[in-house]
Amino acid sequence: MAAPKPIARLISHVILDLDGTLLNTDCVVSQVLKPFLVKNGKKWDSKKAHKLVGKTPYEAAAVVLEDYGLPYSTEEFLSMLTPMFNEQWCNIKALPGANRLIKHLKSNGVPAALASNSPRSNIDAKISCHQGWKESFSAIVGGDEVEKGKPSPDIFLEAAKRMNTNPPNCLVIEDSLPGVAAGKAAGMHVIAVPSVPKRTAEFSSADEVINSLLDVKPEKWGLPPFSDWIDDTLPIEPWFIGGPVIKGFGRGSKVLGIPTANLPAENFSDVLSEHTSGVYFGWAGLSTRGIFKMVMSIGWNPYFDNTEKTIEPWLLHDFGEDFYGEELRLVIVGYIRPEANFPSVESLIERIHEDARISDKALNLPLYAKYKDSPYLRNSLKEDNSANGNQSVIDSK
């Protein structure tokens, strides 16, 4: 990710975009459009989804109509889809780091505003489903409350006006190119958090480009720092996934000397869309072998330029043999860093081993160690051992 450019003065106010920055709206968009397109003899193409990012509803509707050749006017299309979207607003999940950032700004007395191309009524409906969000913003500005939406600076200038501050005092956090352009045109500092994968290079006009909200460093901008990092790790709300171990790309052992226990990505499309790419750690349970420390990557692995988002756990134990097909369960409890590219395979290997050292040490902390006894892991062992008449459980050390 790009480092922040030097700033001439300290930031006092923060302005946040909503869709794609704080909320995982893309999932709902595809859920609504897929069946609608099928009814009209069309098929949703996820590769075209990036064209909708940062657009006003009217602009996005026009793009869909043109891309799929649908026989409706923009007004007709919106009248059909708006009720469908309204039913889904409360199903939109907060993106990783969103709640943490909002609470941090509020608890430290940093005025924050919400500025979105969405109509104000839609903004209010979306944030009403997230406890404490509405009360955390000093100002909320919708696309229908200004003359022009993003990439025009109107929304951000209006947000600054409502917070009684000057544009240069504001830090904008945005996921889209129109949003970044709007923030810069307003004379503000901008952090880009691209919601479309593998397009970081397009955001060079931003003052800083980061992988996700988990990577925001407020102190870089003269704001109070987060205080929740522990031994180079960030505790997160645990999440649980499991499935049979499959053969991966064949490079873990052969190229890197690091055997990963890959899971079938197609079984976890929802999980992969909810969680940002990066390096995580936690506990892994193998149904016939025990519970082990593990570090894992989620993402496209920039060095190898994956074409699909994958889950690649590395169990920190020498097994001496493959265990393809065995049931693997993971409890992910912490975050280490965003995924990154490396100049050489040697530097990649060195960083992976450093991630492993960080994980190994952190998992001894009570905060993380307690999840080793998770029923999600233990139950799979008991079920398998009971079936084999063997109650012994072998744990990693």
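Positions are given from 1, in the same order as the sequence printed here. This one's a predicted model, so the numbers in the text were calculated from it and none came from an experiment.
Ion pairing between Arg351 and Glu354 fails under the 4.0 Å rule for side-chain N and carboxylate O. Under the 4.0 Å criterion applied to side-chain N and carboxylate O atoms, Arg162 and Glu145 are assigned as salt-bridge partners. With respect to Glu208 and Lys217, no salt bridge is recorded, no charged nitrogen being found less than 4.0 Å from a carboxylate O.
In this structure, the side chains of Leu10 and Trp221 stay at 4.5 Å or more apart for every pair of heavy atoms. Residues Asp232 and Ile336 are not in side-chain contact: their nearest non-hydrogen atoms beyond the backbone lie 4.5 Å or more apart. Here the side chains of Leu171 and Met188 are not in contact, with every heavy-atom distance at 4.5 Å or above. Residues Ile332 and Met296 meet the side-chain proximity criterion, which asks for heavy atoms closer than 4.5 Å. For the pair Leu330 and Pro313, the minimum side-chain heavy-atom distance is below 4.5 Å. Residues His353 and Ile258 are in side-chain contact: their nearest non-hydrogen atoms beyond the backbone lie under 4.5 Å apart. Taking 4.5 Å as the limit, some side-chain heavy atom of Ile102 sits within range of a side-chain heavy atom of Phe137. A heavy-atom distance below 4.5 Å is not found between the side chains of Asn91 and Trp89.
Checking side-chain atoms of His104 against main-chain N and O of Pro224 turns up a donor-acceptor pair under 3.5 Å. Put simply, the side chain of Thr310 never gets that close to the backbone of Glu312: no donor and acceptor are under 3.5 Å apart. With hydrogens and angles disregarded, a donor-acceptor distance shorter than 3.5 Å links the side chain of Glu76 to the backbone of Ser73. Of the possible polar contacts, none joining the Tyr68 side chain to the Asn40 backbone as a donor-acceptor pair under 3.5 Å is found. Checked by atom type and distance alone, the side chain of Lys150 never pairs as donor or acceptor with a backbone atom of Val180 at under 3.5 Å. Under a 3.5 Å cut-off, the side chain of Asp19 and the backbone N or O of Asn24 do not form any donor-acceptor pair. Side chain of Asp215 to main chain of Ser212: a donor-acceptor pair is present (N/O by atom type, distance under 3.5 Å, no hydrogens or angles).
For the atom pair CG (Leu213) and CZ (Arg100), the distance works out to 9.5 Å, reported to the nearest 0.5 Å. Rounding to the nearest 0.5 Å gives a distance of 13.5 Å between SG of Cys129 and NZ of Lys93. Here the CD atom belonging to Glu219 is positioned 9.0 Å from the CG atom belonging to Leu223, to the nearest 0.5 angstrom. To the nearest 0.5 Å, atom CZ of residue Arg289 and atom CG of residue Leu328 are 11.0 Å apart. The CD1 atom of Ile291 lies 13.0 Å from the NE2 atom of His317; values are rounded to the nearest 0.5 Å. The structure places NZ of Lys126 at 5.5 Å from CD1 of Ile92, a figure rounded to the nearest 0.5 Å.
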Next on the checklist: As a quick check of understanding, evaluate side chain to side chain contact (heavy atoms under 4.5 Å, CB included) for Asn262 and Val245, giving each step before the final call.
Outcome noted: CA-CA 6 Å; Asn262 298 280; Val245 177; 5.8 Å; no

Next on the checklist: Test side chain to side chain contact (heavy atoms under 4.5 Å, CB included) on Phe156 and Val141; report intermediate values, then the result.
Outcome noted: CA-CA 8 Å; Phe156 292 129; Val141 186; over 6 Å; no

Checklist entry - Hey, mind stepping through Lys148 and Asp154 against salt bridge (charged side-chain N to carboxylate O under 4.0 Å, His left out) and telling me if it holds? => result CA-CA 6 Å; Lys148 296 179 180 178; Asp154 292 6; over 6 Å; no

Item to check | Verdict with supporting geometry, Lys372 and Val331, side chain to side chain contact (heavy atoms under 4.5 Å, CB included) | outcome: CA-CA 8 Å; Lys372 184 178 182 180; Val331 179; over 6 Å; no

Item to check | Step-by-step side chain to side chain contact (heavy atoms under 4.5 Å, CB included) determination, Phe36 to Val38 | outcome: CA-CA 5 Å; Phe36 183 88; Val38 168; over 6 Å; no

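For Glu326, the CD atom counts as densely surrounded, since its 6.0 Å shell holds more than 12 non-hydrogen atoms of other residues, nucleotides or ligands.
For Tyr58 and Phe77, the ring centers are positioned 6.0 Å apart or more. The aromatic ring centres of Tyr368 and Phe281 sit less than 6.0 Å apart.
No path of Ile, Leu, Val, Met, Phe, Trp and Tyr side chains, each step under 4.5 Å between heavy atoms, connects Ile210 with Leu95, placing them in separate hydrophobic clusters. Clustering ILVMFWY residues whenever any of their side-chain heavy atoms sit less than 4.5 angstrom apart, transitively, puts Leu78 in a cluster other than the one holding Leu70. The hydrophobic clustering, which links ILVMFWY residues whose side-chain heavy atoms are closer than 4.5 Å, places Leu157 and Ile155 apart.
Residues passing the side-chain hydrogen bond (donor to acceptor under 3.5 Å, both in side chains) test with Ser347 are Ser344, sequence neighbours excluded. Residues passing the side-chain hydrogen bond (donor to acceptor under 3.5 Å, both in side chains) test with Thr21, sequence neighbours excluded: Asp17, Asp175.
Closest non-hydrogen pair, Pro338 versus Asn211, comes out as CB-CB, 3.5 Å. Nearest approach of Leu18 to Ser116, heavy atoms of both residues: CB-CB, 4.0 Å. Closest of all the heavy-atom pairs between Ala182 and Ser152 is CB-O, 3.3 Å. Listed here is the closest heavy atom pair of Ala369 and Trp283: CA-CZ2, 4.0 Å. Nearest heavy atom pair, residue Trp314 against residue Ala356, reads CZ3-CB, 3.5 Å. Between Cys170 and Ala160, the shortest heavy-atom distance links the atoms SG-CB, 4.0 Å.
Residue pairs meeting the side chain to side chain donor-acceptor pair (under 3.5 Å) criterion with at least one member in residues 127-143, sequence neighbours excluded: Asn99-Trp133.
Using bins of under 30°, 30° to 60° and over 60° for the plane-to-plane angle, the ring pair Phe319/Phe292 lands in the perpendicular bin.
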